[in-house]
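Order of the sequence lines sets the chain letters (A, B, ...), proteins ahead of strands, with each chain counted from 1. What you are looking at is a predicted structure, and each value in this text was computed from that prediction instead of being measured.
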Amino acid sequence: MQNNLFIYNSLSKKKELFKPLHPPFVGLYVCGPTVYSSAHLGHARGAIIFDLLNRYLLHLGYKVRYVRNITDVGHLEDENAGEGEDRIAKKARQEQLEPMEVVQKYLNTYHKNLEQLNTLPPSIEPRASGHIIEQQELIKEILEKGFAYVVNGSVYFDVLKYNEKYKYGKLSGRILEDLQSSTRTLEGHDEKRNSFDFALWKKAAPEHIMKWPSPWSIGFPGWHLECSAMSVKYLGDVFDIHGGGLDLLFPHHECEIAQSTAAHGKESVRYWMHNNMITINDQKMARSLGNFITLDQLFSGDHPALKQAYSPMTIRFFILQAHYRSTLDFSNEALLAAEKGLQKLMKAVETLEKLKSSSDASTFDVANLKKKCYEALDDDLNSPILLSHLFDGVKYINSVFEGIGKIDTSTLDALKELYNTFVFDILGLKDESAGESDEKLTGELMKIIIELRQNAKNNKDFPTSDKIRNELNLIGITLKDRKDGVDWER
RNA sequence: GGUCGGUUAACCGAGUGGCUAGGUAGCGGUCUGCAAAACCGUUUACGGCGGUUCGAAUCCGCCACCGACCUCCA
């Protein structure tokens, strides 16, 4: 199996040709959310970007095992200090729910939102709480290799010791001395030997809700541990791609590298990919900053910052219009522009189905367009360039429809295949035009109304024909007079 | 303070050492009874100052501003 896909590897900071370890199989691991509140626009970006990658790899013929974890335990509010409450436990207390109820509640909306956004589900969606044994086994391995120490029933990773044998900070470019001086100094008695050491296992306080027995104490695993344990379990000691948000690069992914390397003596991940953040007013959208807009709010328009509702496909298109390694700024104007752009694209795809080929030679080079589309994706998933090429084709499709351009049969077939492949299969866009059961009836009714309006027009009764058009407009139906008949849409 | 990244026209957003990115909005035209859609044409750019070069928005240096990470965050 051959491909020409170059992806930017955060580890080497270069675009590298993607060569899977065991073709045709590809192992893809992506960090999923901690499920203690609703998913927002930022979560959508990560999900959509790695969905694009997954879809493209599938299109290229790979058998992708796509693993995306769910963090449902062990994620503390103050990870560095190893203190503070577990996020999920806190929410559980606030909402008077079982921790697993909190998890289920937000996991359900996460799944619903991602389905609305037309992302393909991962092959495996492991949860941290379901892999306590695996995490404990990993801790044991790290302890045996001498890269961790036990204090009062908690286990910490010994970064200094690790750094002697392997280099710590490869991914983030961080240097230990810098960390030592810049990491916040902790008051009182810290169990850690160094401030940059991190917890592998934490002894639970008596009031702590989520806890498990272990050789060291009744407690719970550290946050970074789950990804190391679960990725290796499902994808093997060494696997192809690890993805996640740029904000996870340090410390989360750096710690993951340290854990896996310490345990297995080699690095697990061959390509690290990081998507950039969504910004709002030039600031990162984040739960902790309180400036986020949830996906449900976007879809319903129910948020003070929103001028209207935006459909899931509008959101998807908006995200695909920017390169995944750039920040993307949220605004109503940008979203509105995306909505219009998407409409234009989807309408052209519909138009394509109505096109009639002629015996004249085509005035457009589809093979060249196809080549450019692949080149765009191969260049580190450059979806904005891909879209710009697809819009070149849109212009041509419309010009043929208007009788300006010419198209022959083979070109028409090639163009249909190209748009089906790239728009639906790879970019994962879909037609959102509503309702099926009522659709037929509406179509029949519209036929009658259009005929009545035509009669009025024939009789030069324009007040009547205008009234029909305007009133239809009010209920969201737009009429369009074309050369050979009347189109309508809502 | 340390590390990294960004600054592109009205807005969003690609990209490249010399050739129109694209979408949205605007303007002029075709079409239309009018409008919408579509098509054709078109106006605003590459933060500032130097340098390298025949040529730089694109490479280098300095400066300014903005952001991310260094707690948790997709």
Asker: Considering every strand and a 4.0 Å limit on heavy-atom distances, what is the contact class for A:A286: base, sugar-phosphate, or nothing?
Answerer: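 The answer is base, as A:A286 lies within the cut-off (heavy atoms under 4.0 Å) of a base atom.
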Asker: Given B:A68, is OP1 or OP2 found less than 4.0 Å from the side-chain N or O atoms of A:N276?
Answerer: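 Negative; the distance criterion is not met.
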Asker: Verify, without hydrogens or angle tests, whether A:K192 (side chain) and A:D197 (backbone) share a donor-acceptor contact under 3.5 angstrom.
Answerer: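 Confirmed, A:K192 side chain pairs with A:D197 backbone.
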Asker: So what does A:P33 touch, heavy atoms closer than 4.0 Å: a base, only the sugar-phosphate, or nothing?
Answerer: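 If one applies the 4.0 Å heavy-atom cut-off, A:P33 turns out to touch the sugar-phosphate alone, with no base involved.
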Asker: Is the charged tip of A:R174 near the ring of A:Y168: under 6.0 Å from the six-membered ring centre and within 45° of its axis?
Answerer: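 Relative to the ring axis of A:Y168, which defines the angle, A:R174 lies outside at least one limit.
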Asker: Write down the protein N/O and nucleotide N/O pairs, taken from nucleotides 38-44 of chain B, whose separation is under 3.5 Å; answer none if there are no such pairs.
Answerer:
| unit_1 | atom_1 | unit_2 | atom_2 | d |
| --- | --- | --- | --- | --- |
| B:A38 | O3' | A:N398 | ND2 | 3.2 |
| B:A38 | O2' | A:E402 | OE2 | 3.2 |
| B:C39 | OP1 | A:N398 | ND2 | 3.2 |

Asker: Give one of base, sugar-phosphate or nothing for A:H252, where a contact means two heavy atoms less than 4.0 Å apart.
Answerer: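 Contact class for A:H252: none.
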Asker: Counting only side-chain nitrogens and oxygens, does A:W488 get under 4.0 Å of the OP1 or OP2 atom of B:A36?
Answerer: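 The answer is no; no side-chain N or O of A:W488 sits under 4.0 Å from OP1 or OP2.
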Asker: Using a heavy-atom cut-off of under 4.0 Å over every strand shown, decide if A:L335 touches base, sugar-phosphate, or nothing.
Answerer: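 No contact.
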Asker: Given that both pair distances must be under 3.5 Å and the pair must be Watson-Crick or G-U, what runs of three or more consecutive pairs involve RNA chain B?
Answerer: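 For RNA chain B the paired stretches long enough to count as stems (3 pairs minimum) are B:1-7 with B:64-70, B:10-12 with B:22-24, B:26-30 with B:38-42, B:47-51 with B:59-63.
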Asker: Which part of the nucleic acid, if any, lies within reach of A:Q283 when heavy atoms closer than 4.0 Å are counted: base, sugar-phosphate only, or nothing?
Answerer: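 Sugar-phosphate contact only - A:Q283 comes under 4.0 Å of backbone atoms but never of a base.
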Asker: Return no unless some side-chain N or O of A:K460 is found under 4.0 Å from OP1 or OP2 of B:G33.
Answerer: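 Answer is no, no contact under 4.0 Å.
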Asker: Base, sugar-phosphate or nothing for A:K340? Non-hydrogen atoms, less than 4.0 Å.
Answerer: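 Sugar-phosphate, no base atom in range.
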Asker: Just call it for A:N473: base, sugar-phosphate, or nothing, with non-hydrogen atoms closer than 4.0 Å on any strand.
Answerer: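 Answer is nothing: A:N473 stays at 4.0 Å or more from every strand.
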Asker: Taking for each residue the nucleotide of RNA chain B with the nearest heavy atom, is it A:F391 or A:L41 whose nucleotide lies nearer the 5' end?
Answerer: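 Counting from the 5' end, the first nearest nucleotide belongs to A:F391.
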Asker: Is there a side-chain polar atom (N or O) of A:S326 under 4.0 Å from OP1 or OP2 of B:A14?
Answerer: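 Yes, within the criterion.
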Asker: Categorize A:A334 for me: base, sugar-phosphate, or nothing, with a 4.0 angstrom heavy-atom threshold over every strand shown.
Answerer: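 Answer is sugar-phosphate: A:A334 comes under 4.0 Å of backbone atoms only.
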Asker: Scan A:L248 against the nucleic acid and name what it touches under 4.0 Å (heavy atoms): base, sugar-phosphate only, or nothing.
Answerer: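 It contacts sugar-phosphate atoms only.
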Asker: Using a 4.0 Å heavy-atom cut-off, does A:N275 contact any base of the nucleic acid, only the sugar-phosphate backbone, or nothing at all?
Answerer: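 A:N275: base contact, heavy atoms under 4.0 Å.
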Asker: Count the heavy atoms belonging to other residues, nucleotides or ligands that lie under 6.0 Å from NZ of A:K354, then report whether that count exceeds 12.
Answerer: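 Yes, NZ of A:K354 has more than 12 neighbouring heavy atoms, counting only those of other groups under 6.0 Å.
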Asker: Side chain to side chain donor-acceptor pair (under 3.5 Å) between A:S172 and A:E254: does it pass, once the steps are laid out?
Answerer: CA-CA 7 Å; A:S172 62; A:E254 196 70 77; 2.6 Å; yes
Asker: Checking A:H274 against A:H253 for the side chain to side chain donor-acceptor pair (under 3.5 Å) test, could you report, in this order, the C-alpha distance in whole Å, the side-chain angles of both residues, the deciding distance, and whether it holds?
Answerer: CA-CA 10 Å; A:H274 291 94; A:H253 291 157; 2.8 Å; yes
Asker: Quick one: are the ring centres of A:Y162 and A:F157 less than 6.0 Å apart?
Answerer: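 Centroid separation for A:Y162 and A:F157: below 6.0 Å.
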Asker: Would you mind telling me which residue lines up with the more 5' stretch of RNA chain B, A:N281 or A:T478, judged by nearest nucleotide?
Answerer: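 Whichever sits nearer the 5' end wins; that is A:T478.
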Asker: Would you verify whether the NZ or CZ of A:R65 falls within 45 degrees of the ring axis of A:Y29 while also being under 6.0 Å from that six-membered ring's centre?
Answerer: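 No, cation not above the ring by the 6.0 Å, 45° rule.
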Asker: Please classify the nucleic acid contact of A:G42 as base, sugar-phosphate, or nothing, using heavy-atom distances under 4.0 Å.
Answerer: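 Since a base atom lies under 4.0 Å of A:G42, the category is base.
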Asker: Which part of the nucleic acid does A:T351 contact within heavy-atom distance under 4.0 Å: base, sugar-phosphate only, or nothing?
Answerer: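 It contacts nothing in the nucleic acid.
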